[in-house]
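First up is the structure itself, then whatever we jot down about it.
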Amino acid sequence: MTGATVTARGEAVVPGRPDEGIWTIEVDALDATPDAALSAVGERSDALSALLEELGVPKEVRSTSGVSVREEFDYADGKQVHRGYRAQNLVTVRLADASIAGRMIQGSIERAKASVRGPTWWIAPDNPARVEACRRAAVEARRKAEAYADALGLRLGGVVEVREPSPGGHAAPRPAVGAIAMRAVAEPASVEVDPGELNVQAQVEVTFFLEG
């Protein structure tokens, strides 16, 4: 049976704690002119920056992901009515410490009149759960290959190739999107954010020699 091989795919799912939560904070204002709308957004954005500084959120984990100014219209009695100009600033914040997320949400609403969306939980490539998922997937691939070899009256030989499926597969862990979305209200409730655990999935294909 020289040259004969068998390929088996191993899969594993391991729970793990996320490394970061990614949030989008939207600061906007509607005013009669573009300059007035931008000025209002600038003041609110400054208030947001001050809040993030107070919370100890480093500048390197926050970024401006979009700035826009547009005319806004309503329709009344079938006619278009000009409402003014809406300016918008989108800020993305990555938090490794979920314990401050609630204060960030509440402060953003109270002090910057912002809306907050998120989180998208992210698991780093070196997260122990991801490493463990890869290990278990490889063990499962060997177990299946041994079963095939035994059924054929053969023995499993050395490894020929180890390959992760293409991006179309599910080898990498996927982010989990949360459902917290809050806008400015008179007395926003305090929010406690707990990332819990995510399922980290790994797949691997391993090819072995078969020995007679």
Side-chain angles (χ1 to χ4, degrees), residues 9-28 44-45 47-68 88-141 163-185 187-205:
R9 173 176 290 193
E11 302 180 5
V13 177
V14 175
R17 295 279 293 184
D19 295 282
E20 285 185 344
I22 303 172
W23 303 81
T24 299
I25 304 175
E26 178 183 327
V27 181
D28 68 351
R44 294 176 186 176
S45 297
L48 175 62
S49 295
L51 167 69
L52 296 176
E53 288 287 343
E54 290 175 18
L55 293 175
V57 179
K59 290 184 178 180
E60 56 267 26
V61 300
R62 16 178 172 135
S63 60
T64 299
S65 52
V67 178
S68 64
Q88 181 186 69
N89 180 29
L90 295 178
V91 177
T92 299
V93 179
R94 304 193 327 268
L95 291 183
D97 182 4
S99 68
I100 67 172
R103 284 179 287 158
M104 183 187 71
I105 294 170
Q106 187 166 352
S108 298
I109 294 170
E110 292 177 338
R111 294 166 56 173
K113 296 181 174 60
S115 60
V116 183
R117 295 193 300 273
T120 297
W121 298 115
W122 181 75
I123 288 185
D126 59 351
N127 187 292
R130 183 173 183 180
V131 175
E132 178 62 14
C134 293
R135 188 193 69 80
R136 293 187 189 183
V139 170
E140 174 65 12
R163 185 176 69 87
E164 286 190 326
S166 65
H170 307 290
R174 295 181 173 183
V177 181
I180 296 175
M182 301 182 67
R183 293 197 64 87
V185 293
E187 296 182 359
S190 178
V191 178
E192 183 176 345
V193 178
D194 183 358
E197 290 185 331
L198 304 181
N199 284 333
V200 182
Q201 182 177 11
Q203 290 185 353
V204 66
E205 292 178 352

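For the numbers below, each heavy atom of this structure counts, side chains included, while hydrogens, waters and symmetry mates do not.
For the pair Cys134/Val131, no side-chain contact is recorded, criterion being any heavy-atom separation below 4.5 Å from C-beta on. Inter-residue side-chain proximity for Leu52 and Met104 is flagged as met; some heavy-atom pair is nearer than 4.5 Å. Side-chain contact between Glu20 and Leu95: absent, with no pair of heavy atoms (C-beta onward) separated by less than 4.5 Å. Put simply, the side chain of Ile25 reaches to within 4.5 Å of the side chain of Leu48, judged on heavy atoms. You'll find the side chain of Arg163 stays beyond 4.5 Å of the side chain of Val204, heavy atoms only. Side-chain contact between Val57 and Ile100 is present, with at least one heavy-atom pair separated by less than 4.5 Å.
In this structure a side-chain-to-backbone donor-acceptor pair under 3.5 Å is present from Arg44 to Asp28. Remark: the backbone N or O of Val27 is not paired with any side-chain donor or acceptor of Asn89 at under 3.5 angstrom.
Here the CG atom belonging to Leu198 is positioned 4.5 Å from the CD1 atom belonging to Ile123, to the nearest 0.5 angstrom. Atom CD in Gln203 sits 5.0 Å away from atom CZ in Arg9 (nearest 0.5 Å). Taking CG of Leu51 as the reference point, atom OG of Ser108 lies at 5.0 Å (rounded to 0.5 Å). With values rounded to the nearest 0.5 angstrom, Ile22 atom CD1 is found 10.0 Å from Trp121 atom CH2. We find the CZ-CD1 distance between Arg117 and Ile105 to be 12.5 Å, quoted to the nearest 0.5 Å. A distance of 12.0 Å separates CD1 of Ile109 from NZ of Lys113, quoted to the nearest 0.5 Å.
Using modelled atom types and a 3.5 Å distance limit, the side chains of Thr92 and Ser65 yield a donor-acceptor pair. Using a 3.5 Å distance cut-off with no hydrogens or angles, the side chains of Glu26 and Gln88 do pair a donor with an acceptor.
Between Val200 and Ala133 the shortest heavy-atom distance is O-CB, 3.8 Å. Closest approach of Ala129 and Gly16 over heavy atoms only: CB-CA, 3.6 Å. Scanning all heavy atoms of the two residues, the minimum distance from Ala137 to Ala202 falls at CB-O, 3.9 Å. In plain terms, the two heavy atoms of Trp23 and Ala101 that are nearest each other are CZ2-CB, 3.6 Å. Closest of all the heavy-atom pairs between Arg94 and Glu60 is NH1-O, 3.9 Å.
Between Asp194 and Arg17 there is a salt bridge, since at least one side-chain N of the basic residue sits less than 4.0 Å from a carboxylate O of the acidic one. With respect to Arg62 and Glu53, a salt bridge is recorded, a charged nitrogen being found less than 4.0 Å from a carboxylate O. The existence of a salt bridge linking Arg136 and Glu132 is confirmed by a sub-4.0 Å separation between a basic side-chain nitrogen and an acidic carboxylate oxygen.
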